[in-house]
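See below for the structure under consideration.
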Amino acid sequence: MDAFCVTLHTVLVFSLITLGSSTCLTGCTCTDDNLGKSLQCMATTMRQIPDDIPHDFTKIRIENCHLTELPRGSFSKVSALEFLWLNFNEITLMHIKSLEGLANLTELRLQGNKLTSVPWTVFQDTPTLKILDLKHNRLDVLPEHALRYLAGLTYLDVSFNQLSVISKDVFINWPLYRTNEKTWGKEGLVSNVVLALHDNPWMCDCRLKGFVEFIRAVSPPIILMNSYLMCSGPASKAGKFFHEILLKTCTKPVASAPETNITLPLGANATLRCLVKARPGPTIQWIYSLKIIRGFAATETQIDEETFTSQLVIPSLHLADRGLYTCMANNFIGNSSVSIVVNISTSNSSAPLPPPVPMLSSDENPYIDIRIAKQTVYGITLEWYAATDNPAETWFTIHFGKYDSPKKDMIYIGPGINSYSVSDLLPVTKYEVCVTLKNQPPREGQCIVFMTGSDISELEQRERLIHIIVIVCAMVLAVPAGMYACTTEARFSCIERCTDLWRKRRRQGENLQGSERQGTFDSLQAASDEGLCRDSEERPKKRRKSEDKCKGGSAAHLY
């Protein structure tokens with residue numbers, strides 16, 4: 001009988017061991033002790049959280065397994081889980097519900113991953129979490145309400161990340177910080193809370209003032225793992241400890257100008273100066289006629305920690321350059337601006353100034369190729385090539401607006417710049433954009449007319465996808481009107497005819513222009529692959545007949 005009992009006991013033990021090992025994941029080890037069942041997976045090629053993890057594990061350790069994300073409900077079936085270690089993987093993304101179902105979780109370690117941010121509301125699902133280890137990640141922001149759902153935390157480690165600025169409100173809003181020490185003692189909670197904030201690139205300017213003061217005032221029950229936090233910038237404070245620096249309060253910019261009314265002769269170079277005082281350093285922009293100036297050269301210099309200057313250089317003043325220029329400075333506190341009036345004098349002061357746009361000059365009519373080089377989510381990018389004697393000194397004017405609008409925005413493009421991006425386009429809208437030499441007005445044949453589409457990206461439903469559905473007129477500056485477009489939606493015979501006409505015209509242009517045609521764009525095709533053409537033998541009055549031959553395409557209905 002005794003022998004039978006011993007044999008039965010051995011069989012049962014063996015069966016239990018076999019059963020336990022059969023429920024373990026391939027390449028992992030499972031143990032069961034007085035602390036509960038544990039799963040350990042080290043340096044496997046797992047790459048994603050398995051779906052078949054048994055529900056009764058209390059500790060899971062998956063390290064060096066090339067995990068890249070924590071999807072929704074990653075461990076929701078393991079409701080008994082208390083300890084979760086996912087160190088040294090390649091996790092870059094946490095779903096806002098990745099910890100769903102882990103009401104018993106007390107320890108989460110994510111050391112050595114690639115997290116740039118954490119969805120802090122994820123911790124609504126872990127009310128008993130006490131230890132959170134996020135060191136050696138790439139966190140660059142700690143939102144003001146990051147610790148809102150971590151009321152029971154006793155250890156937080158965000159050391160060795162990329163935090164540069166943090167508000168003291170992160171801790172003021174922390175329920176644990178607002179609870180006084182006596183209350184903790186009455187409730188029997190652990191009295192000490194350890195924070196690890198060291199080895200981050202702290203930017204010690206006015207934005208860090210509240211946090212630095214908080215660190216100086218920290219005392220038990222809150223304890224810093226390393227109280228010697230060090231500044232990484234700005235240069236005047238780099239390498240200094242928090243207790244060695246004195247930071248000032250942030251202030252909004254105050255902009256001023258040495259001269260607010262400037263009068264210069266035609267052809268002179270104008271330099272506009274703007275002085276800004278602000279903490280922290282501001283972003284400075286120059287604005288003219290409600291447009292940010294993109295072509296003129298602007299330089300910025302820092303005089304001291306809170307004083308900055310900006311200079312805008314307008315080369316070779318033309319009449320179109322006169323007007324009101326505004327220097328706009330802003331930081332997260334507020335903004336400020338100062339305006340400068342630019343006047344242009346003539347040799348005969350009694351004679352009235354001519355119109356801002358002068359008459360065309362017959363000797364300034366270079367050959368220019370232009371194309372739509374790129375389409376983006378919100379707009380287009382134009383590129384052009386100009387065959388001029390002095391390209392480094394040639395500047396252009398962009399005329400842009402809705403096709404049926406009599407008044408177009410004018411943007412001046414400085415020398416050496418041959419591209420311009422238009423953003424914030426509206427869907428299903430017809431636009432016209434022209435490029436002219438210097439401040440000449442646009443003429444027929446010098447503009448591109450295009451219409452935007454209204455597609456919505458499947459991946460980003462919230463974003464409006466702007467794209468070109470047709471280009472009505474391709475522009476070659478200094479060439480008379482008469483160019484028209486047959487799109488890829490037109491009948492093939494029309495496209496073929498258009499292409500032949502375009503090539504014929506191009507050969508004629510090469511014979512006429514000679515060496516000036518060298519180096520221009522090989523093709524004036526736009527990003528949407530329209531065939532561009534012009535029948536050089538047709539007169540403008542016959543243009544409608546030519547277009548009628550393309551009635552099957554989308555070019556016809558836009559006229």
Practice task
Considering only NZ, NE, NH1 and NH2 on the basic side and carboxylate oxygens on the acidic side, decide whether Lys402 and Glu432 come within less than 4.0 Å.
Solution key: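 Salt bridge absent between Lys402 and Glu432.
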[atom1]-[atom2] distance between [X] and [Y], expressed to the nearest 0.5 angstrom:
| X | Y | atom1 | atom2 | answer |
| --- | --- | --- | --- | --- |
| Lys209 | Lys168 | NZ | NZ | 7.5 Å |
| Asn200 | Gln162 | CG | CD | 7.5 Å |
| Leu163 | Ser232 | CG | OG | 11.0 Å |
| Thr397 | His399 | OG1 | NE2 | 5.0 Å |
| Ile340 | Leu312 | CD1 | CG | 8.5 Å |
| Leu147 | Leu142 | CG | CG | 6.0 Å |

Please name the pair of heavy atoms, one in [X] and one in [Y], separated by the smallest distance, quoted to 0.1 Å.
| X | Y | result |
| --- | --- | --- |
| Lys240 | Ile245 | CB-CG2, 3.9 Å |
| Leu153 | Lys130 | CD1-O, 3.3 Å |
| Pro253 | Ala278 | CA-CB, 3.6 Å |
| Phe332 | Cys250 | CZ-SG, 3.9 Å |
| Ile284 | Ala329 | CG1-CB, 4.2 Å |
| Met225 | Asp157 | CE-OD2, 4.5 Å |

Side-chain heavy atoms of [X] within contact of [Y], under 4.5 Å:
| X | Y | answer |
| --- | --- | --- |
| Leu84 | Leu105 | yes |
| Leu39 | Ile53 | yes |
| Leu115 | Ile91 | yes |
| Thr154 | Val194 | no |
| Ile222 | Leu195 | yes |
| Leu70 | Ile49 | yes |
| Thr106 | Ile131 | no |
| Ile60 | Val78 | yes |

Problem - Check SG atoms, Cys274 and Cys327, less than 2.5 Å apart - result: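 Yes, because the SG atoms of Cys274 and Cys327 sit under 2.5 Å apart, which meets the disulfide cut-off.
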Exercise for the section: Scan for ring-ring contact (aromatic ring centres under 6.0 Å, His included) pairs involving residues 83-111, sequence neighbours excluded, and state none if there are none. Expected result: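 Non-adjacent pairs meeting ring-ring contact (aromatic ring centres under 6.0 Å, His included): zero.
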Problem - Residue pairs passing the ring-ring contact (aromatic ring centres under 6.0 Å, His included) test where at least one lies in residues 98-127, sequence neighbours excluded - result: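 Pairs touching residues 98-127 that pass the test: Trp120-Phe123.
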Practice task
Answer yes or no: are there more than 12 heavy-atom neighbours, outside Asp304 itself, under 6.0 Å from its atom CG?
Solution key: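 Correct, the count exceeds 12.
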Practice task
Evaluate whether atom CD of Gln124 has more than 12 neighbouring non-hydrogen atoms of other residues, nucleotides or ligands under 6.0 angstrom away.
Solution key: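 Result for CD/Gln124: enclosed.
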Under 3.5 Å, is there a donor-acceptor pair between the [X] and [Y] side chains?
| X | Y | value |
| --- | --- | --- |
| Glu82 | Asn104 | no |
| Ser345 | Thr263 | no |
| Asn261 | Asn343 | yes |
| Thr326 | Ser339 | yes |

Problem - Sequence neighbours excluded - side chain to side chain donor-acceptor pair (under 3.5 Å) pairs with any residue from residues 246-256 - result: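 Sorted pair list comes back empty.
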Parallel, tilted or perpendicular, judged at 30° and 60°: which one describes the rings of [X] and [Y]?
| X | Y | value |
| --- | --- | --- |
| Tyr431 | Phe400 | parallel |
| Tyr228 | His243 | perpendicular |
| Trp202 | Phe211 | tilted |

Flag, side chain of [X] to backbone of [Y], donor-acceptor distance under 3.5 Å:
| X | Y | result |
| --- | --- | --- |
| Tyr149 | His145 | no |
| Asn87 | Glu63 | no |
| Asn113 | Thr92 | no |
| Asn331 | Gly334 | yes |
| Asn89 | Leu86 | yes |
| Glu213 | Gly210 | no |
| Asn269 | Ser316 | yes |
| Thr128 | Ala103 | yes |
| Asp169 | Ile172 | no |
| Ser74 | Pro71 | yes |

Handout entry: salt bridge (Lys or Arg N to Asp or Glu O under 4.0 Å) contacts touching residues 256-281 (sequence neighbours left out)
Key =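 Every salt bridge (Lys or Arg N to Asp or Glu O under 4.0 Å) pair that includes a residue of residues 256-281, provided the two are not neighbours, is Arg279-Glu306.
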Problem - Step-by-step side-chain contact (heavy atoms from CB on, under 4.5 Å) determination, Leu197 to Ser159 - result: CA-CA 5 Å; Leu197 301 165; Ser159 60; over 6 Å; no
Problem - Which residues share a salt bridge (Lys or Arg N to Asp or Glu O under 4.0 Å) with Lys77, sequence neighbours left out - result: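 If we apply the salt bridge (Lys or Arg N to Asp or Glu O under 4.0 Å) test to Lys77, skipping adjacent residues, there are no hits.
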Practice task
Please identify each residue that fulfils salt bridge (Lys or Arg N to Asp or Glu O under 4.0 Å) with Arg109, with sequence neighbours left out.
Solution key: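 Arg109 satisfies salt bridge (Lys or Arg N to Asp or Glu O under 4.0 Å) with Glu107, Asp133 only.
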Handout entry: Full working for side-chain contact (heavy atoms from CB on, under 4.5 Å) between Glu305 and Lys237
Key = CA-CA 11 Å; Glu305 190 173 340; Lys237 293 182 173 62; 3.3 Å; yes
Problem - Candidate pair Ile314 and Leu272, rule side-chain contact (heavy atoms from CB on, under 4.5 Å), full reasoning - result: CA-CA 8 Å; Ile314 307 174; Leu272 312 185; 4.3 Å; yes
Handout entry: Chi angles and distances behind the side-chain contact (heavy atoms from CB on, under 4.5 Å) call for Asp125, Lys97
Key = CA-CA 8 Å; Asp125 295 320; Lys97 285 293 184 180; 3.5 Å; yes
